[in-house]
Amino acid sequence: MGDAKTLIVVVGGSSKGLGAAGIDADGELARLDEVLKAAEDAGMTIIVMHTGGAARRGDLSDKFIAPVFAHADYAVVVEAGDTDGLMQGICAENGIPMDLLSSIGDVAEVIPKAFK
């Protein structure tokens with residue numbers, strides 16, 4: 001991981017993207033687990049983001065949310081993508097600070113907080 005101090009993971013899934021990469025969801029989950037554990041072992045801050053709104057939710061994307069959010073030190077979520085409260089619930093249960101945004105355009109206002 002070099003000298004990096006922060007890992008930002010934007011959560012979502014695309015069967016087209018996975019297919020183009022020649023992997024399936026389980027393979028990607030295993031890869032993510034390795035990356036997240038390496039980041040934790042390196043003492044990195046892990047920021048998890050879901051910024052796609054409702055259009056970026058579904059069975060495939062939802063497979064990635066809980067396992068990735070479980071590693072978060074901080075989360076940023078566009079509220080239209082969390083109308084079921086899944087991400088808010090994970091953050092509340094695990095004491096993960098989260099900013100819930102009305103639009104992706106608000107990311108520039110909240111991300112600097114993670115680096116103070």
J.: Working to the nearest 0.5 Å, report the span between CG of L32 and CZ of F64.
T.: 6.5 Å
J.: Test your reading of the model: is there a side-chain donor-acceptor pair from D82 to the backbone of V77, 3.5 Å cut-off?
T.: no
J.: Taking atom CG of D26 and atom NZ of K63, what is their separation to the nearest 0.5 Å?
T.: 6.0 Å
J.: Using side-chain heavy atoms (C-beta onward) and a distance below 4.5 Å, is L86 in contact with I90?
T.: yes
J.: Does any non-hydrogen side-chain atom of M44 lie less than 4.5 Å from one of T6?
T.: no
J.: Report the residue from V78, V11, L101 that forms a side-chain contact (heavy atoms from CB on, under 4.5 Å) with T51.
T.: V78
J.: Return the minimal non-hydrogen interatomic distance between H71 and P67, and the atom names on each side.
T.: CD2-O, 3.1 Å
J.: For the side chain of N94 and the backbone of I96, is there at least one donor-acceptor N/O pair under 3.5 Å apart?
T.: no
J.: Atom CD1 in I47, atom CG in D99: separation rounded to 0.5 Å?
T.: 10.5 Å
J.: Does a salt bridge link R31 with E34, judged by any charged N lying under 4.0 Å from a carboxylate O?
T.: no
J.: NE2/H50 to CG/D62 distance, rounded to the nearest 0.5 angstrom?
T.: 7.5 Å
J.: Indicate yes or no: does D33 engage K37 in a salt bridge with an N to O separation below 4.0 Å.
T.: yes
J.: Atom CZ of F69 and atom CE of M87: how far apart are they, to the nearest 0.5 Å?
T.: 5.5 Å
J.: Please check: side-chain N/O of D73 versus main-chain N/O of I46, any donor-acceptor pairing under 3.5 Å?
T.: yes
